[in-house]
K.L.:
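The structure that follows is given in the form of structure tokens.
The sequence lines fix the lettering, A, B, ..., with proteins before strands; numbering per chain opens at 1. Hydrogens, waters and symmetry mates are skipped; everything else that's a heavy atom, side chains included, is used. Since we're looking at a predicted model, the values are computed, not measured.
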Amino acid sequence: MTALLTDLNPEQLEAVTWPHQSALILAGAGSGKTRVLTTRIAYLLQSGLTQPQNLLAVTFTNKAAREMVARISTMLPINIRGMWIGTFHGLCHRMLRAHYEDAGLPQAFQILDMADQLAVIKRILKERSLDEKVLAPRQLQWFINNAKEEGLRASQVDTRGSFNRTLAECYQVYEAVSMRGGTVDFAELLLRCYELLSRNEILRDHYRGRFEHILVDEFQDTNRLQYQWIKLLAGSGSQQHAAIFAVGDDDQSIYAFRGAHVGNMRDLEKDFSVPKIIRLEQNYRSQGNILDAANALIENNKGRLGKNLWTAAGKGESVRIYYAATDVDETSFIVDEIKALHAEGLSLSEIALLYRSNAQSRVLEHGLFNASISYRVYGGMRFFDRQEVKHALAYLRLVASPDDDNALLRVINFPPRGIGARTLEQLQDQAEILGTSLWQAALKVCEGRKAVTTRGDQPGRGIAGFVNLVLSMQQACEGQPLPEIIRRVVDQSGLVAHYQAEREGNNERLENLKELVNAATSFVHEAEDDSLTAFLAHASLEGGEHQAEGYQDAVQLMTVHAAKGLEFHSVFISGLEEGLFPHENSRNEPNGLEEERRLMYVAMTRARQRLYLSYAESRMLHGQVRVNVPSRFVDEIPEELLKRLRSSGFSGAGYRQGLSGTGQNTVSTAYSRQGRGKHTPVSAAVRVAPQGLNTAGLHIGQQVSHTKFGTGTIVNYEGNGSDMRVQVNFHQTGTKWLSLTYAKLVPL
DNA sequence: AGTTTGTGTATTTTT
DNA sequence: TACACAAACT
């Protein structure tokens, strides 16, 4: 116990040992949030204040949930099964599985991910012959999800005005389709579970009696429905049973655009009579100047709960800022700095390149690629999102639940078996008439045909072929273990044969199909429920890793959103221009600018030692060169914390005027465009030393030796004191920037 | 039925 | 610019 609580600062200790009463922990970036959360759990258990089965901990991402489980396991020798730890969706799903009948769902209900949901919506719009221009599928999807997050069913939404009526009607149809197919989308998991608990008193009392402590991570990201769900589970007023332990940071709320409601923090304080907010303000991550800069920036937001991060570490380095002529110039600056940092011994994986929008990664990737610096881009397609995997999953869904129209439509003609648009139309009409699923209609069609004549239908083709295929799959899977089911379905589906038959580029697809079997094998080992249905739910709820590559030391490229929760030795935030960051679309959104500022705050607080900010005067965007003004966020950082790597008097080079770097002490970097957009440096950064360089007995032209790079000549330098770096032209390895504080240079 | 050409459109994203 | 998706072609 004492071991558990040592090394906690007073605020952390107060949070961890908080009595059985609701709490709101305002946990700044790098203040040991996860540690407090997990230590609190360990403390409650170890001191016998509660039992594992009386705890519920909820997070947003599977990754966070896994991390929590892992950390608790290292702190406590006890078995933590019995504890409910998971994402909102995962926990709701668990309850719905346990009480599917009470929730009005079929036993094998399937979960639709965003893409599946969008496909259903497109189908509905097409059936109702609503033009995309009148009602975009995404708009309807947004509408439905929003309504659900507000707790509204189709019958409850606003129907005033013809457009609203159309939306409501579509929502109604969507509900009916979901019901018939036994499918549940992400928002539905939450709403259904909420409704289940609010309507079913017995169940509600059961869970209220069970959970004494409800711990919520990233509380600032909860939406209204999630908060209602927590409230319902905890009980409120005189009904209150559980204590809520909410940990969050209003300054890091960057998901309002998808329904997160920071106001939940204030509501919690009120609804659960939280006596005081505990503030974790000591930061264990970043050095002083970085924190001061971040604090100064976020000060510009109104209505904050209020918090000022501080550190016991020193001021550290200044925040470096670079004003580039163009995006290409900006990239080349970043590349040079990365080379220097790497040369000084920093691993590439300790360097992050952050940007506001994904489109910005292109130039950066290009630059890194040309410089042969390995990098890794986060985001993009996940395993269970891949086409071939989705096809295989669709077959599996049909085995588990054949009335799932979405799954059926996905693979009824894939691999192609001669079912064209008109056949499909007939089938859909048939289903419409019978008021059943497509699968039921298909069964009817087959029966009818058998009775009349099977006129030369080739086996395995047409509707009959499909129906027989699915039936035989179902038969083959009866009573088989999960990996075997998947092996058989993948095999019988003809997907492998199909991809093999195609000319090229399908190796990866075939590998992924094999990988699906592996995924099932490991799933069987880990999950307590190893049924097919459970695996399918797992696939929907946990899209799988973005990239399954092994570890390789590489520069990390990602959006600022993706960087939340991570930290790096050195961070580059690029594209700090008005219109990009803050993004111009944020202007139309209420409090959009403040969310952008929080985003910037999150970005800055990712850095431990060194933070680089950069902006480009002109940038290629959407195929056009745009001239931009520096981001207001740069101006919000006190000048004394900054170290400008290019004089701010710099003006117009690059795209507009060609090269022009002027004046002494300015870095002039020029590029020529060659061939198809390939760029090559014409002259590397050159800085004319104003006088000699007499620090540490070094001067330009001085011969030095380095343990790793051998001997070379000092050609350039910048900065002073501990920040001083010199550029050395090594005989073997070429020119490198080295920091005098790190590199051990011996004058010759 | 599959391939090609054309058009439109560009934040952020987890479950 | 570049990609996704849809209509149009063969």
K.L.:
Assign A/Q117 to base, sugar-phosphate, or nothing according to its heavy-atom contacts below 4.0 angstrom with the strands shown.
P.N.:
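Nothing: the residue A/Q117, judged by heavy atoms under 4.0 Å, touches no strand.
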
K.L.:
Which part of the nucleic acid, if any, lies within reach of A/E595 when heavy atoms closer than 4.0 Å are counted: base, sugar-phosphate only, or nothing?
P.N.:
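The answer is nothing, as A/E595 stays clear of every strand by at least 4.0 Å.
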
K.L.:
Hey, is A/K564 close enough to A/D221 for a salt bridge, meaning N to O under 4.0 Å?
P.N.:
yes

K.L.:
State plainly whether the residues A/E67 and A/K63 are in salt-bridge range, i.e. N to O under 4.0 Å.
P.N.:
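Salt bridge: no.
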
K.L.:
Enter the distance from A/L613:CG to A/F633:CZ here, rounded to the nearest 0.5 Å.
P.N.:
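Rounded to the nearest 0.5 Å, the CG-CZ separation comes to 12.0 Å.
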
K.L.:
When all nucleic acid strands are considered with a 4.0 Å heavy-atom cut-off, which category describes A/N358: base, sugar-phosphate, or nothing?
P.N.:
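Sugar-phosphate only.
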
K.L.:
Under 5.5 Å between ring centres and under 30° between planes: true for A/F257 and the base of B/dT12?
P.N.:
yes

K.L.:
Base of B/dT11 relative to its sugar, syn (within 90° of 0) or anti?
P.N.:
syn

K.L.:
So what does A/G420 hit on the nucleic acid, given a heavy-atom distance under 4.0 Å: a base, only sugar-phosphate, or nothing?
P.N.:
sugar-phosphate

K.L.:
Let me spell it out: for each of A/A562 and A/G418, pick the nucleotide of DNA chain B with the closest heavy atom. Which residue's pick is nearer the 5' end?
P.N.:
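Going by which nucleotide is closer to the 5' end, it is A/G418.
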
K.L.:
Just call it for A/N62: base, sugar-phosphate, or nothing, with non-hydrogen atoms closer than 4.0 Å on any strand.
P.N.:
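Answer is sugar-phosphate: A/N62 comes under 4.0 Å of backbone atoms only.
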
K.L.:
Just to confirm, is there a sub-4.0 Å distance from OP1 or OP2 of B/dT13 to any side-chain nitrogen or oxygen of A/T559?
P.N.:
yes

K.L.:
B/dT11 base stacked by A/H583? Criteria: ring centres under 5.5 Å, plane angle under 30°.
P.N.:
yes

K.L.:
Say we look at C/dA6 and B/dT11: how far apart would their C1' atoms be, to the nearest angstrom?
P.N.:
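C/dA6 and B/dT11 have their C1' atoms separated by 24 Å.
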
K.L.:
Does A/F60 or A/A421 map to a spot on DNA chain B nearer the 5' end, using the closest nucleotide for each?
P.N.:
A/A421

K.L.:
Looking at A/Y601, does the NZ or CZ of A/R598 lie under 6.0 angstrom from its six-membered ring centre and within 45 degrees of the ring axis?
P.N.:
no

K.L.:
Under 4.0 Å: is that the gap between some side-chain N or O of A/R382 and OP1 or OP2 of B/dT15?
P.N.:
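Yes.
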
K.L.:
Is the A/H538 to A/F523 ring centre distance short of 6.0 Å?
P.N.:
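Yes - the distance between ring centres of A/H538 and A/F523 falls below the 6.0 Å cut-off.
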
K.L.:
Rounded to the nearest angstrom, tell me the gap between atom CE in A/M620 and atom P in C/dT1.
P.N.:
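Those two atoms, CE and P, are 7 Å apart.
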
